[in-house]
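Presented below is the structure to which this report refers.
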Amino acid sequence: VRLIHWDNTEDFATNIVNLLKSPEELAAAGERACEYALANFSWDIIARRYLSEFQAVAGQGDTNR
């Protein structure tokens with residue numbers, strides 16, 4: 001699997017067809033996608049990002065300290 005430019009539909013379709021032809025590569029790509037999602041978008045990580053943003057915004061608005 002390789003990165004594809006967002007508007008290159010031909011490469012996107014070719015990549016999908018190639019994945020469907022190779023169950024091993026499809027499974028590996030699925031594993032990598034799952035690991036990436038868990039590492040970057042778990043509830044814990046997203047909550048920490050929101051908290052950090054809220055704290056940054058609240059801190060910027062507080063000029064009396």
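Numbers here are sequence positions counted from 1.
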Give, for atom [atom1] of [X] and atom [atom2] of [Y], the distance between the pair rounded to the nearest 0.5 Å.
| X | Y | atom1 | atom2 | result |
| --- | --- | --- | --- | --- |
| Leu38 | Asp44 | CG | CG | 12.0 Å |
| Thr9 | Ile4 | OG1 | CD1 | 10.0 Å |
| Arg32 | Glu25 | CZ | CD | 5.0 Å |
| Asn8 | Leu3 | CG | CG | 12.5 Å |

Start with the C-alpha distance between Arg49 and Asn40, add both sets of side-chain angles, then the distance that settles side-chain contact (heavy atoms from CB on, under 4.5 Å), and finish with yes or no. CA-CA 10 Å; Arg49 288 180 185 164; Asn40 293 282; 4.1 Å; yes
Is there a chain of hydrophobic side chains (I, L, V, M, F, W, Y, each step under 4.5 Å between heavy atoms) that links Trp6 to Ile16? no
Determine whether Phe41 and Tyr36 satisfy the following criterion, side-chain contact (heavy atoms from CB on, under 4.5 Å), listing intermediate values before the conclusion. CA-CA 8 Å; Phe41 302 109; Tyr36 180 84; 3.6 Å; yes
For Ala29 and Leu19, which heavy atoms make the closest approach, and how far apart are they? CB-CD2, 4.2 Å
Looking at Thr14 and Glu10, would you say the former's side chain and the latter's main chain have a donor-acceptor pair under 3.5 Å? yes
